[in-house]
Number of protein chains: 2
Amino acid sequence: MARGFCHRHGNERPCSCSMGNIYRYVEPVTLYLLKLKGRAYGYELGNYLREHALTDSEVDRAALYRTLRQLETNGFVTSEWDIGGGGPARRLYALTQAGMDHLAEWLVVLRQMAGAMHRFVDDADKLIEGDTKDLQTTASVENE
Amino acid sequence: MARGFCHRHGNERPCSCSMGNIYRYVEPVTLYLLKLKGRAYGYELGNYLREHALTDSEVDRAALYRTLRQLETNGFVTSEWDIGGGGPARRLYALTQAGMDHLAEWLVVLRQMAGAMHRFVDDADKLIEGDTKDLQTTASVENE
DNA sequence: CTATGTAGATGTTATTTGCATATATTATCA
DNA sequence: TGATAATATATGCAAATAACATCTACATAG
């Protein structure tokens, strides 16, 4: 639980990397990407994962592969080998109906969390108004 | 990573308890409560923690105590024993300036995360429109 | 004196993650 | 041809976290 600025993402603003480990929400984002792409393999999904990430923390490829296997165990995705294309064999994943429903469940949870987080930040902002230096302003000035 | 409805919080809606373990954000909420209450002891904070929680998951008292000690180690709070009042001795905590700044850092991070989460949910909602049963509607109907 | 509630702390175990590494196939280029 | 780079999946292990149970200690009600 070090201080908020991390070496990976620079010093413009506090970064979730350095606020203690925050879950990376690999599962919902993976389900979403699978729905978006129709069918895809792990390595490919790994390339889209970052731009849809919910935190600053990058998702480890190992975590993604493990998540996909777990999702399959739970019946949320199916997979089959794709030997055809160039390069090493790929395990093609696709969402099941259960997976679609599970994504919908995640959305209910995440909407709730986003709301709670937003309210918390607003409340806290009102509370500390003036008592701390404005981090964003300070940082953007430092960056000129 | 069981399905989304949990035994602790009933069946009205999917619950973060059952979506795999999601961090409980004990640290920022603790910092916020300390700022709000001025000075307080762990057991007391434990009673307010739930209503300010960012997830459905309840916070373990042990986790709260450990977080407070950790915050002290990092210089974000100070503590002293309060022997005076009836009952067992209480360890009274108070925020330091560094703790205030750290809370401000958390707010930057959480605001960012809340935004990302909100956008994610909106995007995904558009994507799955119609493909899944509407969980909230279904649940509220089931509950009549 | 026992039970209960308050208050804080610790130990054990399980899960999750990050990092390093293994393995295999194809592509590229000298 | 041989070296090596890129693609693709997977596993082992250490460290961090979390849940749950347990423990000490004090006060008060009955």
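Chain A is the first sequence line, chain B the second, and so forth, proteins listed ahead of strands; every chain is numbered from 1.
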* Structure fact -> When rounded to whole Å, the CD to C1' distance for the pair B/Glu72 and C/dA9 reads 14 Å
* Asked: So how far is it from A/Glu80 CD to A/Arg39 CZ, rounded to the nearest 0.5 Å?
  -> 4.5 Å
* Taking the side chain of A/Arg66 as its heavy atoms from C-beta onward, which of C/dT17, D/dA8, D/dC20 lies nearest to it? -> C/dT17
* Asked: Between C/dA9 and B/Tyr65, is there an OP1 or OP2 to side-chain N/O distance shorter than 4.0 Å?
  -> no
* Asked: What's the CD-P distance between B/Glu27 and D/dA18, to the nearest Å?
  -> 10 Å
* C/dA9 phosphate, OP1 or OP2: any side-chain N/O from B/Arg91 under 4.0 angstrom? -> yes
* Asked: Rounded to whole angstrom units, what separation is found between the CD atom of B/Glu44 and the C1' atom of C/dA7?
  -> 12 Å
* Let me know the distance between CD1 of A/Ile83 and P of D/dA8, rounded to the nearest Å. => 14 Å
* Asked: CD of B/Gln70 versus P of D/dA18: gap in Å, rounded?
  -> 10 Å
* If Ile, Leu, Val, Met, Phe, Trp and Tyr residues are connected whenever their side-chain heavy atoms lie under 4.5 Å apart, and connections chain through other members, are B/Tyr48 and B/Tyr43 in the same group? -> no
* Asked: Between C/dA7, C/dC19, D/dC20, which one does the side chain of B/Asp60 approach most closely?
  -> D/dC20
* Could you check how far CG of B/Asn74 sits from P of D/dA16, rounded to whole Å? => 13 Å
* Asked: In this structure, which one of A/Val77, A/Leu95, A/Val26 forms a side chain to side chain contact (heavy atoms under 4.5 Å, CB included) with A/Leu71?
  -> A/Val77
* To do: Describe the nucleic acid contact of B/Arg69 in one word from base, sugar-phosphate, nothing, applying a heavy-atom distance below 4.0 Å.
  => sugar-phosphate
* Asked: Starting at CG of A/Leu49 and ending at P of C/dG18, how long is that distance when rounded to a whole Å?
  -> 11 Å
* Asked: C/dG5 base to B/Arg61 side chain: any donor-acceptor pair below 3.5 Å?
  -> no
* Do the side-chain N or O atoms of A/Tyr43 get closer than 4.0 angstrom to the phosphate oxygens (OP1, OP2) of D/dT9? -> no
* Asked: Does A/Thr96 reach the main-chain N or O of A/Gly75 with its side chain, forming a donor-acceptor pair under 3.5 Å?
  -> yes
* **Rounded distance (Å) that lies between atom C1' of D/dC26 and atom CH2 of B/Trp81** => 12 Å
* Closest nucleotide among C/dA7, C/dC19, D/dC20 to the B/Ala62 side chain -> D/dC20
* Begin with the C-alpha distance, continue with both residues' side-chain angles, and end with the deciding distance and a verdict on side chain to side chain contact (heavy atoms under 4.5 Å, CB included) for B/Met117 and A/His118. => CA-CA 10 Å; B/Met117 236 176 247; A/His118 195 88; over 6 Å; no
